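First comes the structure, then the notes that go with it.
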Amino acid sequence: MGLSLRLSVRPILGLIGAFLVSTAVKADIYAPGDSVPDTSSEVFGWLRGDAGSTYSGWDLFENNTSPNDPIAGYTDVTPDAPGQFGDVASFTVSPGSIATGSGNIYSPFAALSFYSIVPTGTAGSNTRIVAQFRSIGELDYDSILLSASTGTAGTIAPTMMKETGRGVGGGGGFSGESVDYLALWDISDSQAEYRIDFATPAPHVSLDQFHVDSFTSNTAFVSPTAIPEPSSFAAIGMIGGLLTLRRRRRKTADR
């Protein structure tokens, strides 16, 4: 009885595993006005173009230095996502990357580090910064840090961090999972610029996109927290129910 139950439970657990994977296969970069799922409160609360807001986004990373030497590192000051608002951010790439036809940042032989100088408004006493990343492969998420000094690497951990999407396969000839990630900082202060640092943990990770929004307000923000997806709760409940059923049937068989 116990053996037959184990055999019958395994396919169901496999289905649940497939269900969990399938529900996570999605990819999203969010914009002000969007509702970010599975967060305890609003992530944005403003629209791009509102007073006190800034936005810059890169879908393509370009080395505009002369001479163009990707190995040397470079700074891209030309965000290419449409609809820039406020002063434009800059994006700096450490030495070791190579040029790619897709506009991604990639290195086959080195871990890379990046930082962005993010302009923010100064009209309020509170600042929220929302940075979003799309990579092919995993970033070093512990390296995502903010600095109040543009000349100093970040040390301030995000108020909230959340994976917002994971898709199968990458674009532009890159293989691996496409991962979308969001980091949010709530700061009880305002100033003209902040700096965001992050890195890859190893070679062969491709940075596909980087977007950053900011907003200043005289009203304090309610900091959101990330919560598990309801589908995950449901699947966990199913697993618990199956294990309970298995234990009950085993007890019955042993009597």
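Computed from a predicted model, the values in this text were never measured in an experiment. Heavy atoms only: backbone and side chains are in, while hydrogens, waters and symmetry mates are out.
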Contacts of Asp197 that satisfy salt bridge (charged side-chain N to carboxylate O under 4.0 Å, His left out) - sequence neighbours left out: Arg195
Within one Ile-Leu-Val-Met-Phe-Trp-Tyr cluster: Tyr141 and Phe114, side-chain cutoff 4.5 Å: yes
Backbone of Val36 reached by a side-chain donor or acceptor of Asp34 within 3.5 Å: no
Partners meeting ring pair (Phe, Tyr, Trp, His ring centres under 6.0 Å) with Phe221 (sequence neighbours left out): none
Ring pair (Phe, Tyr, Trp, His ring centres under 6.0 Å) involving Phe210 - partner list, sequence neighbours excluded: Phe91, Phe133, Phe198
Residues forming a side-chain contact (heavy atoms from CB on, under 4.5 Å) with Asp142, sequence neighbours excluded: Asp140
Residues that Thr122 engages under side chain to side chain donor-acceptor pair (under 3.5 Å), provided they are two or more places apart: none
Donor + acceptor pair across side chains of Ser206, Asn104 (<3.5 Å): yes
Any Trp46 side-chain heavy atom under 4.5 Å of Pro32 side chain: yes
Hphob cluster co-occupancy, Met160 + Leu145, side-chain heavy atoms under 4.5 angstrom: no
Pairing residues for Ala220 by the side-chain contact (heavy atoms from CB on, under 4.5 Å) criterion, not counting sequence neighbours: Asn126
Within-4.5 Å side-chain heavy-atom neighbours: Thr39 and Lys162: yes
Shortest non-hydrogen contact from Ala89 toward Ser56: N-OG, 3.0 Å
Main-chain N/O of Ser35 paired to Glu42 side chain as donor or acceptor, under 3.5 Å: no
Working for side chain to side chain donor-acceptor pair (under 3.5 Å), residues Trp58 and Asp80: CA-CA 5 Å; Trp58 282 264; Asp80 40 47; 5.3 Å; no
CD1 on Ile29 to OG1 on Thr164, rounded to 0.5 Å: 5.5 Å
Approximate separation, where rounding is to 0.5 Å, of Ser102 OG and Asp59 CG: 11.5 Å
Side-chain donor or acceptor of Thr200 paired with backbone N/O of Leu112 under 3.5 Å: yes
Backbone N/O of Ala110 and side chain of Ser107: donor-acceptor pair under 3.5 Å: yes
Nearest-0.5 Å distance, CG of residue Leu60 to CD of residue Gln209: 8.5 Å
Distance-only polar pair, side chains of Tyr55 and His211, donor-acceptor under 3.5 Å: yes
Pairs touching residues 120-133 that satisfy salt bridge (Lys or Arg N to Asp or Glu O under 4.0 Å), sequence neighbours left out: Arg128-Asp186
Atom pair CG/OG1 of Asp189 and Thr127 - distance to nearest 0.5 Å: 6.5 Å
Of Ile196, Leu184, Thr216, the residue whose pairing with Ile129 passes side chain to side chain contact (heavy atoms under 4.5 Å, CB included): Ile196
Pairs where residues 212-225 contributes a residue and the test salt bridge (Lys or Arg N to Asp or Glu O under 4.0 Å) is met, not counting sequence neighbours: Arg48-Asp213
Apart from Leu47 itself, residues in the same hydrophobic cluster as defined by side-chain heavy atoms under 4.5 Å: none
Which residues share a side-chain contact (heavy atoms from CB on, under 4.5 Å) with Ala148, sequence neighbours left out: Gln191, Tyr194
Any donor-acceptor N/O pair, Thr54 side chain to Thr120 backbone, under 3.5 Å: no
Whether Trp185 side chain and Ile156 backbone form a donor-acceptor pair below 3.5 Å: yes
Student check: side-chain heavy atoms of Phe61 and Leu207 closer than 4.5 Å: yes
pair Arg134-Ser178: side-chain heavy atoms closer than 4.5 Å: yes
Whether Ser40 side chain and Thr225 backbone form a donor-acceptor pair below 3.5 Å: yes
Pairing residues for Thr75 by the side-chain contact (heavy atoms from CB on, under 4.5 Å) criterion, not counting sequence neighbours: Val77, Ser90, Thr92
Donor-acceptor contact below 3.5 Å, side chain Ser217 vs main chain Thr219: yes
Minimum side-chain heavy-atom gap Val205-Ile136 below 4.5 Å: no
Path from Met161 to Leu139 over hydrophobic side-chain contacts below 4.5 Å: yes
Distance-minimising heavy-atom pair for Ala72 and Pro95: O-CG, 3.5 Å
Other ILVMFWY residues reachable from Tyr115 by side-chain steps of under 4.5 Å: Ile117
Tyr106 side, atom OH; Asp208 side, atom CG - distance, nearest 0.5 Å: 14.0 Å
Donor-acceptor contact below 3.5 Å, side chain Ser214 vs main chain Ser53: no
